[in-house]
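Step one of this worksheet: look at the structure below.
Keep in mind that this is a model prediction, so the values were computed, not measured.
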Amino acid sequence: MPELPEVECVRRSLERGLIGRTVRAVEVRRRDVITAPGDPPGGFARSRAARNHPVRPPAPVTPADLLVGFTIERIDRLGKQLAIHGVDARPGRRSAIVVHLGMTGQLLLEGPSSAGSQADHSHIVWTLDGPSGLLIFRDPRRFGGVRLALNAEAVDRLWADLGPDALDITADELRSALRSARRPIKSALLDQSVLAGVGNIYADEALWRARIAPGRPARGLSVDDCERLAAGIRGVLREAIDSGGSTIRDYVDGSGRAGSFQLRHAVYGRAGLPCPRCGRRLASAVVAQRTTVWCRACQRASSRTRKKQAPRR
DNA sequence: AACACCGCCTGAGCGC
DNA sequence: TGCGCTCAGGCGGTGT
């Protein structure tokens, strides 16, 4: 499940293979994974109203909207989203698309012989100049999608509602974002407008590192809690990137490589197993509508400094 | 305003 | 072997 580290690994692998390449053609096999500027908010794939009572049919998507004729110049990431920027050499025009991978999305650079198929949910196939000929957007569950942005300013607008990127979140940023939130800290961490890039896996891992119980009200975190949590978030994301991300089931980077950070998860997917720090059985419950695993013994349910054991006698 | 909750979607895993 | 059920979860939309 691509969260920030996995998306960053995809970004880096695409950067190696895609920068400087020119897009020659595109085949759109499912229009509804694309959200164009005139489409209903959330796109045709997500909007039930748009599906049941279409006010108008989806506008045609032109090849140029999907970067055909453009040379890939830069790939940016904010949180879990990627922006692929292209430049058209002759008139100096620029264009961009924004990709969310959702739960099961993949962007794959492949040789010309492996064009994917409808059956394997390859929804968009770009043909590139040069040796490894194809860029494929696959997404079996279609929680992801591609937004047509058209230019860098439009990417900024699409990203305006996202909070600061979690990879370099500071304690001060975290503290000010959480100041008025009564909801559980786990819920706030999953909110992309608070902090962009953390999903269920890394929320649990970061809270474990910071020794903070997931159900604590966000605004009850002390300065010291915020310091440890910011450090925990940055640390776990960086280490995960260094391990190529976490591959639970589907995730691979743009070159098809799986990650290995799942082998180093302290809590995610380990309910009932011993806490790596204190050995107690890890607890599991639904917090913020998500399966949550934590250690009741070493993740604190309050920020009060633990009382020292009163001396006997 | 802040937050809870729903539904989208498919494949894996499980019990029978 | 195969069927039906549950679960996984990012996130936009809707309800409170």
Side-chain angles (χ1 to χ4, degrees), chain A residues 1-7 10 29-37 39-53 55 77-82 98-107 116-123 137-147 157-163 166 176-205 214-220 245-252 258 262 265 267-272 284-293:
Chain A
M1 13 239 78
E3 300 180 28
L4 187 152
E6 293 75 31
V7 177
V10 171
R29 295 174 181 168
R30 280 199 78 119
R31 167 65 174 81
D32 64 6
V33 301
I34 297 172
T35 303
D39 290 349
F44 285 87
R46 290 193 197 285
S47 161
R48 189 212 301 235
R51 278 198 318 276
N52 293 348
H53 308 287
V55 175
R77 180 192 57 75
L78 179 57
K80 305 172 193 173
Q81 301 187 34
L82 292 173
V98 168
V99 181
H100 322 212
L101 297 177
M103 281 286 298
T104 53
Q106 300 176 339
L107 276 174
S117 65
Q118 248 110 346
D120 78 355
H121 308 283
S122 297
H123 304 310
F137 174 69
R138 284 188 70 216
D139 187 7
R141 283 164 74 177
R142 283 181 278 134
F143 281 18
V146 174
R147 286 170 185 250
R157 282 197 297 279
L158 288 177
W159 285 357
D161 293 335
L162 296 179
S176 69
L178 300 177
R179 188 167 298 153
S180 62
R182 303 161 180 265
R183 60 180 156 166
I185 181 60
K186 166 90 183 248
S187 168
L189 291 181
L190 295 175
D191 184 338
Q192 302 300 296
S193 69
V194 168
L195 178 71
V198 173
N200 202 38
I201 295 173
Y202 297 103
D204 281 6
E205 294 296 319
R216 280 179 53 184
R219 68 177 183 178
S246 299
T247 295
I248 305 297
R249 181 171 299 163
D250 301 298
Y251 167 73
V252 290
Q262 71 282 359
H265 290 169
V267 288
Y268 180 86
R270 298 193 64 249
S284 175
V286 173
V287 178
Q289 290 76 242
R290 294 286 174 265
T291 300
T292 301
V293 183

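A straight line from CG of A/Leu190 to P of C/dG10 spans 7 Å, rounded to a whole angstrom. The interatomic distance linking A/Asp139 (CG) with B/dC8 (C1') rounds to 12 Å, in whole Å. Here the P atom of nucleotide B/dC6 and the CD atom of A/Gln289 are 8 Å apart, to the nearest Å. Taking atom CG of residue A/Asp250 and atom P of nucleotide B/dC9, one finds them 18 Å apart after rounding to whole Å. Atom NE2 of A/His123 and atom C1' of B/dC8 are 13 Å apart (whole Å). Atom CH2 of A/Trp159 and atom P of C/dG12 are 14 Å apart (whole Å). The CZ-C1' distance, from A/Arg30 to B/dT10, rounds to 12 Å in whole Å. Distance NZ (A/Lys186) to C1' (B/dC3): 16 Å, rounded to an integer number of Å.
The side chain of A/His121 places no N or O atom within less than 4.0 Å of a non-bridging phosphate oxygen (OP1 or OP2) of B/dC9. Regarding contacts with the backbone of C/dA8, a side-chain N or O of A/Thr291 is found under 4.0 angstrom from either OP1 or OP2. Neither OP1 nor OP2 of B/dG11 sits under 4.0 Å from any side-chain N or O of A/Thr104.
Checked by atom type, the side-chain pair A/Tyr202/A/Glu6 shows a donor-acceptor distance below 3.5 Å. Checking A/His121 against A/Arg142 by side-chain atom types alone, no donor-acceptor pair falls below 3.5 Å.
The side-chain hydrogen bond (donor to acceptor under 3.5 Å, both in side chains) search around A/Arg141 returns none, not counting sequence neighbours.
In this structure, of C/dC11, B/dA4, B/dC3, it is B/dC3 that holds the atom nearest to the side chain of A/Ala181. Taking only side-chain atoms of A/Arg249, from C-beta outward, the nucleotide of B/dC3, B/dA12, C/dG10 with the closest atom is B/dA12. Which of B/dA4, B/dC3, C/dC11 sits closest to the side chain of A/Arg182 comes down to B/dC3. Set against B/dA4, C/dG12, B/dT10, the side chain of A/Pro140 has B/dT10 as its closest nucleotide. When each of B/dA4, C/dA8, C/dC11 is scored by its nearest atom to the side-chain atoms of A/Arg141, the top-ranked nucleotide is C/dA8. With C/dA8, C/dG12, B/dC9 as the choices, the nucleotide that has an atom nearest any side-chain atom of A/Tyr268 turns out to be C/dA8.
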Trace of the side chain to side chain donor-acceptor pair (under 3.5 Å) decision for A/Thr104 with A/Asp139: CA-CA 5 Å; A/Thr104 53; A/Asp139 187 7; 2.6 Å; yes
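Residues A/Ser187 and A/Arg290 both approach DNA chain B. Their nearest nucleotides, taken by heavy-atom distance, put A/Ser187 toward the 5′ side.
Among the atoms of the strands shown, only primed sugar atoms or phosphate atoms (P, OP1, OP2) are found under 4.0 Å from some heavy atom of A/Arg183.
Formation of a donor-acceptor pair under 3.5 Å by the A/Glu205 side chain with backbone atoms of A/Val267 is found in this model.
Summary of helix geometry: the two end axes of the helix from B/dA2-C/dT16 to B/dC16-C/dG2, each defined by five base pairs via their C1' atoms, are inclined to each other by 40° (rounded to 10°).
Side-chain contact between A/Val194 and A/Leu178: present, with at least one pair of heavy atoms (C-beta onward) separated by less than 4.5 Å. The closest side-chain heavy-atom distance from A/Arg138 to A/Gln106 is below 4.5 Å.
Paired with A/Val293 under the rule side-chain contact (heavy atoms from CB on, under 4.5 Å), one option of A/Asn200, A/Val287, A/Asp204, A/Ile201 passes, and it is A/Asp204.
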